[in-house]
Amino acid sequence: MINYIFLILASFLFSMQFLFHKKFLEENGESMDTALKFTVWTSICSFLILLIQNKFHIAFSWFSFGISVAYVAVTVTSS
């Protein structure tokens, strides 16, 4: 039962991301500068949330570095 609750919550939050992105574009226009600004602010918020969730412990691994490089490549190309 709890898995269904998490699934519904994840779907709701995912749809909220689209609504916030649409509102951001309405207020700031659609340009490369705006897309990068949105990506930076989204990344900062995600970093802070994950830092708190991880109890302020930062660790490095080559796997996470590779994943982050791939994520940056996909994000910049799709923006």
Side-chain angles (χ1 to χ4, degrees):
M1 180 68 181
I2 191 78
N3 291 336
Y4 290 115
I5 294 172
F6 283 139
L7 186 61
I8 291 169
L9 180 63
S11 300
F12 173 74
L13 292 175
F14 191 69
S15 65
M16 291 301 294
Q17 178 184 0
F18 284 108
L19 292 175
F20 280 117
H21 187 253
K22 183 178 177 183
K23 184 69 173 170
F24 182 83
L25 289 178
E26 286 176 359
E27 292 183 8
N28 297 301
E30 294 184 28
S31 68
M32 184 65 157
D33 183 48
T34 303
L36 290 175
K37 188 188 309 181
F38 182 79
T39 303
V40 166
W41 281 111
T42 304
S43 298
I44 289 171
C45 291
S46 299
F47 174 76
L48 291 175
I49 289 169
L50 291 173
L51 189 64
I52 292 168
Q53 180 184 1
N54 214 13
K55 299 176 184 164
F56 299 97
H57 176 72
I58 297 177
F60 176 82
S61 73
W62 287 107
F63 176 75
S64 62
F65 178 76
I67 294 295
S68 66
V69 168
Y71 179 74
V72 166
V74 167
T75 302
V76 168
T77 3
S78 68
S79 295

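What you see below is based on every heavy atom in this structure, not just the backbone, and it leaves out hydrogens, waters and symmetry mates. Because the structure is a prediction, the values reported are computed rather than measured.
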Between CG on residue L9 and CD1 on residue I2, distance to nearest 0.5 Å:
10.0 Å
For the atom pair CZ (F47) and CD1 (I52), what is the distance rounded to the nearest 0.5 Å?
10.0 Å
With sequence neighbours excluded, tell me which residues meet side chain to side chain contact (heavy atoms under 4.5 Å, CB included) with L25.
H21, E30, T34
Distance col, row S46:OG vs L51:CG, nearest 0.5 angstrom, shows 12.0 Å
Taking atom CH2 of W41 and atom CZ of F20, what is their separation to the nearest 0.5 Å?
15.5 Å
Got a donor-acceptor contact below 3.5 angstrom from the N28 side chain to the F24 backbone?
yes
With sequence neighbours excluded, what pairs up with Y4 under the ring-ring contact (aromatic ring centres under 6.0 Å, His included) test?
none
Answer with yes or no whether the side chains of T39 and T42 bring together a donor and an acceptor at under 3.5 Å.
no
Same hydrophobic cluster for L7 and L13, using side-chain heavy-atom links shorter than 4.5 Å among ILVMFWY?
no
Under a single-linkage definition using a 4.5 Å side-chain heavy-atom cutoff for Ile, Leu, Val, Met, Phe, Trp and Tyr, are I58 and F65 assigned to the same hydrophobic cluster?
no
By side-chain hydrogen bond (donor to acceptor under 3.5 Å, both in side chains), S68 pairs with (sequence neighbours left out) none
Applying ring-ring contact (aromatic ring centres under 6.0 Å, His included), name anything that partners F60, two or more places apart in sequence or on another chain.
W62
Taking ring-ring contact (aromatic ring centres under 6.0 Å, His included) as the definition, give me every residue that meets it alongside F56, ordered by chain and number, with sequence neighbours left out.
none
Can L48 be reached from V40 by stepping across I, L, V, M, F, W or Y side chains whose heavy atoms are under 4.5 Å apart?
yes
One should read off an interatomic distance between L50 CG and C45 SG, to the nearest 0.5 angstrom, of 11.0 Å
List, by chain and then residue number, the residues other than I8 in its hydrophobic cluster (Ile/Leu/Val/Met/Phe/Trp/Tyr, side-chain heavy atoms under 4.5 Å); write none if there are no others.
none
